[in-house]
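First up is the structure itself, then whatever we jot down about it.
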Amino acid sequence: MTEPRTPRLNNRALPVRSVAGWWLVASCRGADIETFFPPPGDLATVRRALTICDRCPVRIPCRRYALDHRERHGIWGGLTEETRETLIRMGPTKCPS
């Protein structure tokens, strides 16, 4: 049996492991990792990351991963740190019956 491969972005290991392997087709693969972990206040880099996420075919699984694992840093699935924090604080939404 082979070991699962750790996904990498620019030769840096990403903290993502998924049975489904959604990260294999993510639009951010090959992009500069700093784009998704910008310094505070760097709105141009945040916009660049969000643009990449907007056209990503696996934006929703990425977003779910970040929310499920309470990722505190970076842009995941088109959500900034602040947006994820707000969504986590709000808790799961209830569907009307």
Are C62 and W23 packed together at the side-chain level, in the sense that at least one heavy-atom pair is separated by less than 4.5 angstrom? no

State, with a plain yes or no, whether a side-chain heavy atom of R59 is found less than 4.5 Å away from one of R63.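 Side-chain contact under 4.5 Å: yes.
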
Between T86 and T83, does the side chain to side chain donor-acceptor pair (under 3.5 Å) criterion hold? Intermediate values first, please. CA-CA 5 Å; T86 299; T83 303; over 6 Å; no

Kindly work out whether a path of hydrophobic side-chain contacts (I/L/V/M/F/W/Y, heavy atoms less than 4.5 Å apart) joins I60 to I75. no

Heavy-atom closest pair, residues [X] and [Y]:
X: H73; Y: E81; result: CA-OE2, 3.3 Å
X: P57; Y: S27; result: CD-OG, 3.5 Å
X: C53; Y: G78; result: SG-N, 3.3 Å
X: V58; Y: W22; result: CG2-O, 3.5 Å

Parallel, tilted or perpendicular: which describes the rings of W76 and F37, with under 30° parallel and over 60° perpendicular? perpendicular

Side chains of residues 42-51: which donor-acceptor pairs under 3.5 Å do they make with residues two or more places apart or in other chains?
{"unit_1": "D42", "atom_1": "OD1", "unit_2": "T45", "atom_2": "N", "d": "3.2"}
{"unit_1": "D42", "atom_1": "OD1", "unit_2": "T45", "atom_2": "OG1", "d": "3.0"}
{"unit_1": "D42", "atom_1": "OD2", "unit_2": "T45", "atom_2": "OG1", "d": "2.7"}
{"unit_1": "T45", "atom_1": "OG1", "unit_2": "R48", "atom_2": "NH2", "d": "3.1"}
{"unit_1": "T51", "atom_1": "OG1", "unit_2": "R47", "atom_2": "O", "d": "2.9"}

Distance from E85 atom CD to R70 atom CZ, nearest 0.5 Å? 10.5 Å

With no hydrogens and no angle check, is any side-chain donor or acceptor of R84 less than 3.5 Å from a backbone partner on L79?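 Confirmed, R84 side chain pairs with L79 backbone.
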
